[in-house]
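This chain uses plain numbering: 1 for the first residue, then up along the sequence.
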Amino acid sequence: GWKGVHTFLMAAVEINKIFPEAQFLVAGDLTASPEYSQKLEEFVQLAGLETKVKFIGFQEDIPKTLSALDIVVVPSRRPDPLPNVVIESMASGKVVVASSSGGIPEAIIHGKTGFLFPPGDYNALSKILISLLEDNKLRQAVGVAARKHVDERFSAKVMSEKVQYLYEDTLKLSKKNSNPCRHKIPCLYRIFFYLLLQFFQPYLFFFKIKHNLLINLFLRGKKDIWITDKMLQEECLSFCSLMNREIEKKRRKNILMLTPELPYPLNKGGNIKIYNHIKMLSLEHNIYLLSFIGNGEERKYIPGLEEFCKK
């Protein structure tokens, strides 16, 4: 329950007292935690909000979903790096009310481009939402400011400059420096382009850029480094099909797999798919995994990954 849905529902109880016409939508796949999902539904029934709260599940058409909303709430209880939904919603001109955890405050300036509240504090959340429902002009003004803020801080130009600086500073490349990695610059450009799209994933929805376009760009490259991660879940069949062609050509590839969480078979959600993709691709290609270790408990799964990952 670290996404804080129960915090949102508790705030809904307070809002319903003043705005009985308000509707509350809960988006996202809750099937991975059936017990938690059942508790949420029971809470809704006990609070008498059966006609006010709707669990709409996982949504593929993000622009369509956002168009139906007046306010977007991101009530994460644990530090969230920077949820895509925050940038997506702000880019759509929606007011975002989110917990002040993780990287969220990097995107939201409280009271100007959105609103922040302490994680788990449903009273603070309900007060902010009530004030926004009472003041349409404030809601519209913050939505406009949010969209402008995203354009200025997360535009392709700004993000490309930041990523380029990061690589140059890290690699310390210069014309006078005979760096042994110099011959790999084309690969780094492909990595840079991919990470740029990662930062800009919210805009992929609006420009209808398919993930297999990205795959083709990498497979057309001359170097022997490919990159994939959770973005490729939807296009995994396309990716595997293209990699099979490489197998037919007897060309074993080095695949660098970037994942925001450590993939392992007992993990819930999309990461188990990534685990299966890695295991399958390792039969014919060399897999290198770059991932984040969320907690010490996850380390016990590393030996299992090392069985088919090079490093």
Side-chain angles (χ1 to χ4, degrees), residues 1-80 83-90 92-102 104-105 107-108 110-111 113-143 146 268-270:
W2 72 273
K3 287 294 186 180
V5 178
H6 53 293
T7 302
F8 173 63
L9 294 179
M10 292 174 72
V13 174
E14 301 302 317
I15 296 168
N16 185 60
K17 297 175 183 178
I18 302 175
F19 294 95
E21 70 280 8
Q23 296 290 314
F24 307 90
L25 304 182
V26 178
D29 184 10
L30 297 175
T31 57
S33 304
E35 293 182 3
Y36 180 63
S37 178
Q38 183 178 353
K39 288 181 179 180
L40 294 176
E41 292 178 357
E42 291 175 354
F43 177 84
V44 169
Q45 292 178 355
L46 290 173
L49 297 175
E50 300 97 319
T51 60
K52 307 295 179 64
V53 177
K54 296 180 181 178
F55 294 91
I56 60 176
F58 176 78
Q59 298 295 301
E60 293 186 357
D61 193 340
I62 304 301
K64 182 179 179 181
T65 303
L66 290 175
S67 67
L69 306 176
D70 295 301
I71 304 171
V72 176
V73 179
V74 184
S76 306
R77 293 176 62 87
R78 284 196 336 222
D80 218 336
N84 286 333
V85 66
V86 173
I87 304 299
E88 291 168 355
S89 302
M90 294 174 69
S92 299
K94 301 296 179 180
V95 179
V96 178
V97 182
S99 60
S100 56
S101 63
I104 295 177
I108 296 178
H110 181 68
T113 63
F115 294 89
L116 301 170
F117 67 94
D121 191 341
Y122 72 90
N123 282 318
L125 173 59
S126 63
K127 289 179 181 179
I128 294 173
L129 294 176
I130 289 172
S131 66
L132 288 169
L133 291 172
E134 290 176 337
D135 193 339
N136 291 334
K137 290 184 177 180
L138 173 63
R139 194 167 68 244
Q140 293 174 0
V142 173
K268 298 176 181 178

Report summary line: side chain to side chain donor-acceptor pair (under 3.5 Å) pairs touching residues 35-46, sequence neighbours excluded, are His6-Tyr36, Gln38-Glu42
Report task. With sequence neighbours left out, write down each residue that passes side-chain contact (heavy atoms from CB on, under 4.5 Å) with Ala12, or none if nothing qualifies. Result -> Phe24, Leu49
Query raised in the report: Quick one: side-chain hydrogen bond (donor to acceptor under 3.5 Å, both in side chains) partners of Lys52, sequence neighbours excluded?
Result: Asn16
Requested in this report: Determine whether Leu125 and Met10 make a side-chain contact, defined as any pair of heavy atoms from C-beta on separated by less than 4.5 Å.
Outcome: no
**Report entry** Nearest-0.5 Å distance that lies between atom CD1 in Ile71 and atom OG in Ser89
**Finding:** 12.0 Å
**Report entry** For Asp29, side-chain hydrogen bond (donor to acceptor under 3.5 Å, both in side chains) partners two or more places apart
**Finding:** Thr31
Query - By side-chain contact (heavy atoms from CB on, under 4.5 Å) - contacts of Ile56 (at least two apart) - result: Leu25, Ala27, Lys54, Gln59, Thr65
Query raised in the report: Atom CD1 of Ile104 and atom OG of Ser76: how far apart are they, to the nearest 0.5 Å?
Result: 5.0 Å
Report task. Kindly write out the residues that satisfy ring-ring contact (aromatic ring centres under 6.0 Å, His included) with Phe115, not counting sequence neighbours, or none if the list is empty. Result -> His110
**Report entry** Non-hydrogen atoms of Arg77 and Thr7 that approach each other most closely
**Finding:** NH1-OG1, 3.5 Å
Report summary line: The salt bridge (Lys or Arg N to Asp or Glu O under 4.0 Å) partners of Lys94 (sequence neighbours excluded) come to none
Query raised in the report: Any side-chain heavy atom of Val26 within less than 4.5 Å of one from Leu9?
Result: yes
Report task. Rounded to the nearest 0.5 Å, what's the gap from CG on Leu129 to CZ on Phe117? Could you check? Result -> 8.0 Å
Query raised in the report: Minimum heavy-atom separation for Ile130 to Ile15, with atom names?
Result: CG1-CG1, 4.0 Å
Report task. Quick one: closest heavy-atom pair of Val142 and Gly114, and the distance? Result -> CG1-N, 3.5 Å
Requested in this report: Would you mind listing every side chain to side chain donor-acceptor pair (under 3.5 Å) that reaches into residues 119-129, with sequence neighbours excluded?
Outcome: none
Query - Reported CD-to-CG distance for the pair Glu88 and Leu66, which is rounded to 0.5 angstrom - result: 6.5 Å
Query raised in the report: Can you list the residues that meet the side-chain contact (heavy atoms from CB on, under 4.5 Å) rule with Asp70, with sequence neighbours excluded?
Result: Arg139
Query raised in the report: Which residue pairs pass the salt bridge (Lys or Arg N to Asp or Glu O under 4.0 Å) test when at least one of the two sits in residues 7-22, sequence neighbours left out?
Result: Glu14-Lys17
Query raised in the report: Could you give the distance from OG (Ser67) to CD1 (Ile62), rounded to the nearest 0.5 Å?
Result: 11.0 Å
Report summary line: Contacts of Pro119 meeting side-chain contact (heavy atoms from CB on, under 4.5 Å) (sequence neighbours excluded), chain-then-number -> Ser99, Ser100, Ser101
